[in-house]
Structure formats: structure tokens, C-alpha cells
Number of protein chains: 2
Amino acid sequence: MFECALIQGELFRKLIASVQDLVQDGNFMCDANGISLQGMDSSHVALVALALKKEGFVEYRCDRDVTLGINFANLAKMLKCMGAKDRLSIRAQDEGDSASFVFESEDSSRVSNFELKLMQIDQEQLGVPETQYKAVIRMPSSEFQRICKDLSAIGDTVSISVTKEAVKFSVGGDIGSGDMSLRQSESGDVDGDDSEKVMIELEEPVQQNFALRYLNNFTKATALSKTVTLSLGTDMPLVTEYKMDNLGSIRYYLAPKIDEE
Amino acid sequence: MFECALIQGELFRKLIASVQDLVQDGNFMCDANGISLQGMDSSHVALVALALKKEGFVEYRCDRDVTLGINFANLAKMLKCMGAKDRLSIRAQDEGDSASFVFESEDSSRVSNFELKLMQIDQEQLGVPETQYKAVIRMPSSEFQRICKDLSAIGDTVSISVTKEAVKFSVGGDIGSGDMSLRQSESGDVDGDDSEKVMIELEEPVQQNFALRYLNNFTKATALSKTVTLSLGTDMPLVTEYKMDNLGSIRYYLAPKIDEE
DNA sequence: GGAGCAGTAG
DNA sequence: CTACTGCTCC
């Protein structure tokens with residue numbers, strides 16, 4: 001028997017929405033420590049990895065590891081039936097072929113129960129090595145979203161280049177070209193929220209190209225966290241991470257476009 | 001070399017947005033006094049004329065007259081990348097085939113540079129004669145916007161008739177008809193902003209019909225000025241003018257619909 | 001001015 | 001069936 005509950009069911013809905021555009025279905029791997037999920041997009045260029053820690057749940061019980069094969073579009077349909085302030089409980093029998101999603105309004109005056117049929121999904125769990133990245137940038141997630149969205153009006157590939165002082169997003173296309181540079185925030189900045197800052201940790205300057213189309217997919221997760229962390233290396237995937245207080249994180253990996261000139 | 005800078009880049013973005021719906025591309029004529037632009041809509045019914053005085057810029061330098069052929073949709077894409085509070089600089093080499101648009105956030109922590117490819121646009125500059133209009137109405141621009149929008153739900157042609165006392169906007173359609181009359185504000189009105197007033201200067205009563213579809217296009221400029229001035233004559237174009245403090249104005253000309261009954 | 005929805009296009 | 005864009009409501 002697996003059972004967990006979240007005070008903010010809405011959070012879970014946003015998580016599923018953030019995964020859905022990239023992968024059709026995937027296995028929720030539930031164990032004593034929490035829930036994880038991994039999936040690649042259909043073209044095998046991007047990977048999304050979700051890790052939810054049991055500490056983020058108001059209730060968590062996992063007698064025995066279970067794998068829940070989920071079609072995200074179908075789950076999303078059910079989650080649309082959840083109220084904005086609803087508490088969410090997820091339950092699954094050890095040998096069942098469905099999972100139950102219960103939505104409860106704050107005063108429990110409305111209780112909804114949905115049963116989602118599970119799927120059998122063959123999918124190797126990819127080990128993502130904990131690598132040392134050459135550059136790690138933390139910035140407001142909304143700013144990253146805006147940059148990706150705006151630049152995709154100009155072209156479809158962004159070049160991200162990082163120096164100690166700044167991170168530069170450049171794009172080129174038929175109508176012209178453009179770049180946006182974000183300077184590392186002054187460490188002495190006392191005023192303003194810390195989440196508004198741009199922080200750069202650099203071991204070595206990097207420059208890599210990425211398909212904006214995927215980055216724009218990633219920014220579906222903007223609602224989940226005020227900040228986003230971009231980790232870059234040379235000829236290795238970009239990692240875009242959104243950390244949720246307590247609950248864990250959602251990470252997106254995107255292979256760089258290797259210059260074809 | 002042409003170079004100018006605006007403290008409120010946002011203003012320029014709104015200007016381009018106000019032009020864009022009507023004309024696809026046009027020539028920015030830059031000379032020692034400022035920038036002007038003219039263009040007709042594709043059906044040659046409406047004309048937009050922009051005039052920006054150099055006094056409105058925080059920096060202005062024009063060694064030699066230049067013509068910048070701009071595709072407004074493409075420029076708008078780049079201007080979307082500008083922050084709300086950004087300062088805007090525009091630069092063009094005398095013989096270049098592109099113009100550069102630089103956006104700088106207030107604290108300069110974000111600097112963006114976009115290069116827009118210029119076009120070769122053949123277009124005669126139309127001389128718009130300074131005519132004496134029979135009626136000139138000044139009213140809050142938001143009110144004019146609301147009237148045009150609301151009336152277009154009833155029909156597609158508005159009749160504007162002006163007397164000394166009031167201006168009347170009438171519309172008719174399948175579902176019925178309606179009209180909205182605005183009385184000239186009392187000159188003795190001490191309370192309230194002057195921009196809230198309706199002022200009518202009349203030489204002779206006028207009545208003309210106009211296509212609401214264009215008027216609704218014109219009201220994209222509402223954000224640029226608190227007031228709008230409508231100038232009418234008989235069988236001559238309506239002029240809809242939005243004046244910006246210091247910077248100049250945007251004017252729209254619309255030929256009347258001649259009754260075909 | 002932004003977000004959500006619906007309608008369209010791929 | 002899904003993803004984007006335009007529109008309308010907030």
C-alpha cells in the first residue's frame with residue numbers, strides 16, 4: 001500500500017503540467033524516501049527528472065516500493081477537477097492496476113475521488129551522473145522564462161555564454177539578431193529579495209547553443225519556484241532546475257546543439 | 001551616424017504597437033529636428049503619421065538625414081525583449097543595412113542589444129495639407145476608446161455629428177441602433193483634471209460616417225496620451241491625434257464613408 | 001497588462 | 001491529439 005497527501009494539491013497539478021508537454025507517460029517510482037520520475041522527450045533531446053521528498057508531504061506511507069505507470073495527459077484531465085485550495089491524497093494498492101486521487105476542499109465539504117488506470121511502461125531509469133559544472137547561474141525563474149519566450153521570437157537557437165561577470169543569451173535569425181546580458185548582482189545588495197538576484201558561480205567560461213523550443217517547454221515549471229538554476233559545461237547537457245521549498249525539485253536536461261558549420 | 005536615446009523605451013514600444021496594426025512597414029525619416037514616419041493601411045483608407053521631436057529625446061544626434069526602412073512586426077518582436085523601465089537607444093550607421101536597438105535596465109544590470117535588418121521601402125511622402133477643420137473635439141482618449149469599442153458591437157459604421165453643445169456618436173445595425181452624446185464640459189468646471197474634459201471648437205456643425213474598424217485600430221494609441229483630438233470637416237478625412245508631452249504626436253487620418261443609399 | 005480559454009493548425 | 005496563437009475576461 002502506498003499513500004501520500006499534499007496540503008496544496010495545486011502544486012502537484014503544476015508539476016504534472018510541467019512534465020506533460022515533454023513526455024507522454026512515465027513511471028512514478030515511489031519508495032520509503034519519496035517519489036521520483038524520469039522521462040525523455042520523444043526526440044530524445046531533453047530529459048525531465050522529478051524528485052519529491054517525503055518530508056514535503058503531510059502524510060507519507062510506502063510499505064514497499066511501487067511503480068505507478070502514468071499517462072500524464074489522462075492524469076492532467078483528472079487533476080483539472082481539483083479545486084484550487086484542495087488537499088490531494090494519492091493512494092495505490094501494491095498489486096492494483098489503478099491509482100486513486102482524492103481531492104478535498106479545505107473544510108472537507110467537497111470530496112472527490114478519481115481512479116486513474118495505470119499503464120505498464122518499460123523504461124530504464126537513467127543514471128544521471130552528478131557532474132561538476134563549469135558554470136552555475138541562479139536567477140529569477142520569471143526572468144528566465146521571459147528571456148526564452150522573447151528570444152524565440154527572433155530565432156530558434158540561443159547561445160548561452162557565461163563569464164564571471166555576466167551571463168549572455170544571444171539569438172540570431174532572418175530579421176536580425178540580439179543578445180541580453182545579465183550582470184551578476186552585487187553581493188552588497190542589501191535591498192531587494194534574494195530571489196531577485198542573479199548569481200554566477202564560475203569555474204571556467206562556457207558558451208553553448210540550445211534549442212529555445214525546449215527551454216520554453218522547461219519554463220512551464222516557472223510557477224513552481226521563484227528561482228531557477230542553470231548549470232552548464234562544455235558539450236554536456238544544460239541542467240535547468242526548479243527547487244520547491246521542502247518538496248524537492250524538478251530538473252530538465254537539454255543536450256547542446258553542436259555547431260554544424 | 002544617427003543616434004538617439006529615450007528614457008522611457010516603453011513609450012517607443014507603444015508607438016510602434018500603435019502603428020503596427022495599420023501598416024506593415026515604413027520609413028523612419030530622421031533629420032536634425034527629429035523623426036517622422038508615414039504610412040497608409042493596405043486598403044488605402046487610413047493613414048498614420050508619426051512625428052517625434054528631438055526635444056523629447058534625452059540624447060539626439062543626426063549628422064546627416066537618414067531613412068530607416070523598418071518592418072514593424074519585426075521591430076515589435078525585438079521591442080518585446082525590452083524591460084518595462086528600460087532606457088532605449090537607437091543607432092544607425094549612415095550606410096548600414098541594420099539599426100541597433102539597445103535596452104538598458106535602470107541599474108544597467110541588464111543590457112540588451114538587438115540588430116534589426118533594414119528594408120528598402122519605396123514610398124512617396126504624402127503632403128498632408130494643414131486644413132481648417134469645421135469641428136475640433138478634445139476628449140479623454142480612454143473615453144473615445146470605450147465608445148468605439150462599445151459601438152462596434154452594434155454596427156460597423158459610426159456617425160459622428162458635432163454641434164456647439166455636444167458630439168454624438170451614432171451606430172445602427174441589425175439588432176437595433178444607438179448613440180452616445182458627450183456634452184461639452186462647463187468652462188466653469190474647476191474640479192477635475194483638465195484632461196477629463198470634453199472641449200468642442202466649432203465653426204460649423206458637421207456630420208460624417210466612419211468605419212469603426214479603423215477607429216478601433218487608432219485607439220491602440222490610447223496609452224500614449226490622456227486626451228485625443230478629433231478634427232472633422234465635410235467630405236474630408238477625420239484626424240485623430242494623440243499628443244505626447246514633449247515628444248511629439250501620432251496622427252491618424254481616416255476618409256469618411258460616403259453614404260451609398 | 002496578464003492569464004486562461006478556445007479555436008486552429010500541424 | 002497536441003501545441004501554438006489570438007481573444008476575451010479579469
Side-chain angles (χ1 to χ4, degrees), chain A residues 9-11 13-26 39-46 48 70-86 116-117 119 140-158 173 175 211-226 252 254, chain B residues 8-18 20-22 24 72-74 76-77 79-86 103 105 141-142 145-146 148-154 156 212-213 216-217 219-226 242:
Chain A
E10 187 68 8
L11 244 186
R13 196 177 71 190
K14 287 177 184 162
L15 278 168
I16 296 305
S18 304
V19 167
Q20 200 196 156
D21 282 350
L22 224 50
V23 293
Q24 287 68 45
D25 37 50
M40 294 200 83
D41 85 290
S42 56
S43 56
H44 280 232
V45 175
V48 56
I70 304 261
N71 174 290
F72 298 120
N74 294 155
L75 175 53
K77 282 177 193 167
M78 291 190 172
L79 293 175
K80 279 194 80 168
C81 304
M82 182 171 61
K85 304 272 174 164
D86 283 9
L116 179 70
K117 289 221 181 77
M119 309 172 64
S141 56
S142 56
E143 188 144 21
F144 180 62
Q145 181 178 45
R146 181 151 199 272
I147 289 171
C148 292
K149 188 173 154 239
D150 288 350
L151 293 187
S152 57
I154 317 289
D156 53 15
T157 303
V158 64
I175 67 166
L212 279 164
R213 128 125 221 248
Y214 291 101
L215 296 182
N216 274 126
N217 270 153
F218 299 173
T219 60
K220 282 277 161 69
T222 302
L224 292 166
S225 173
K226 282 191 169 181
Y252 299 92
L254 179 61
Chain B
Q8 286 186 71
E10 187 67 8
L11 244 186
F12 188 77
R13 193 172 74 191
K14 286 177 184 163
L15 277 168
I16 297 303
S18 303
Q20 200 197 155
D21 283 350
L22 225 50
Q24 288 67 46
F72 298 120
N74 292 341
K77 280 177 190 169
L79 293 175
K80 278 195 78 173
C81 304
M82 182 171 60
K85 304 271 175 165
D86 283 8
F103 319 137
S105 63
S141 56
S142 56
Q145 181 179 44
R146 179 141 204 279
C148 292
K149 189 174 157 234
D150 288 352
L151 294 188
S152 58
I154 316 290
D156 53 17
L212 279 164
R213 124 141 221 240
N216 274 125
N217 270 152
T219 60
K220 279 279 158 68
T222 302
L224 292 166
S225 174
K226 282 191 168 179
Y242 297 84

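Residue numbers start from 1 in every chain, and the chains themselves are labelled A, B, ... in the order their sequence lines are given, proteins ahead of strands. Just the heavy atoms: all of them, side chains too, but no hydrogens, waters or symmetry mates, feed the values below.
Rounded to an integer number of Å, the gap from CD of B:Gln20 to C1' of D:dG6 is 14 Å. Atom NZ in B:Lys220 sits roughly 11 Å away from atom C1' in D:dC7 (whole-Å rounding). Nucleotide D:dT8 holds its C1' atom 14 Å from the CG atom of B:Asp150, rounded to whole Å. Distance, A:Lys149 NZ to D:dG6 P: 12 Å, rounded to whole Å. Atom NZ of A:Lys77 and atom P of D:dT2 are 6 Å apart (whole Å). A:Asn216 has its CG atom 14 Å from the P atom of D:dA3, to the nearest Å. When rounded to the nearest whole Å, the span between CG of A:Asn74 and P of D:dT2 equals 8 Å. As rounded to whole Å, 11 Å separates atom P of C:dG2 from atom CD of A:Gln145.
Between the side chains of A:Thr219 and A:Tyr214, no donor-acceptor pair is found at a separation under 3.5 Å.
The line from CZ of A:Phe72 to CG of A:Leu116 is 10.5 Å long, rounded to the nearest 0.5 Å. The distance from the CG atom of A:Asp150 to the NZ atom of B:Lys80 is 6.5 Å, given to the nearest 0.5 Å.
Annotation for A:Asn74: atom CG counts as buried by contact number, over 12 foreign heavy atoms lying within 6.0 Å.
Relative to the side chain of A:Ala73, the nucleotides D:dT2, D:dA3, C:dG1 differ in distance, and D:dT2 lies closest.
When heavy atoms are screened at a 4.0 angstrom cut-off, A:Gln24 is found touching no nucleic acid atom at all.
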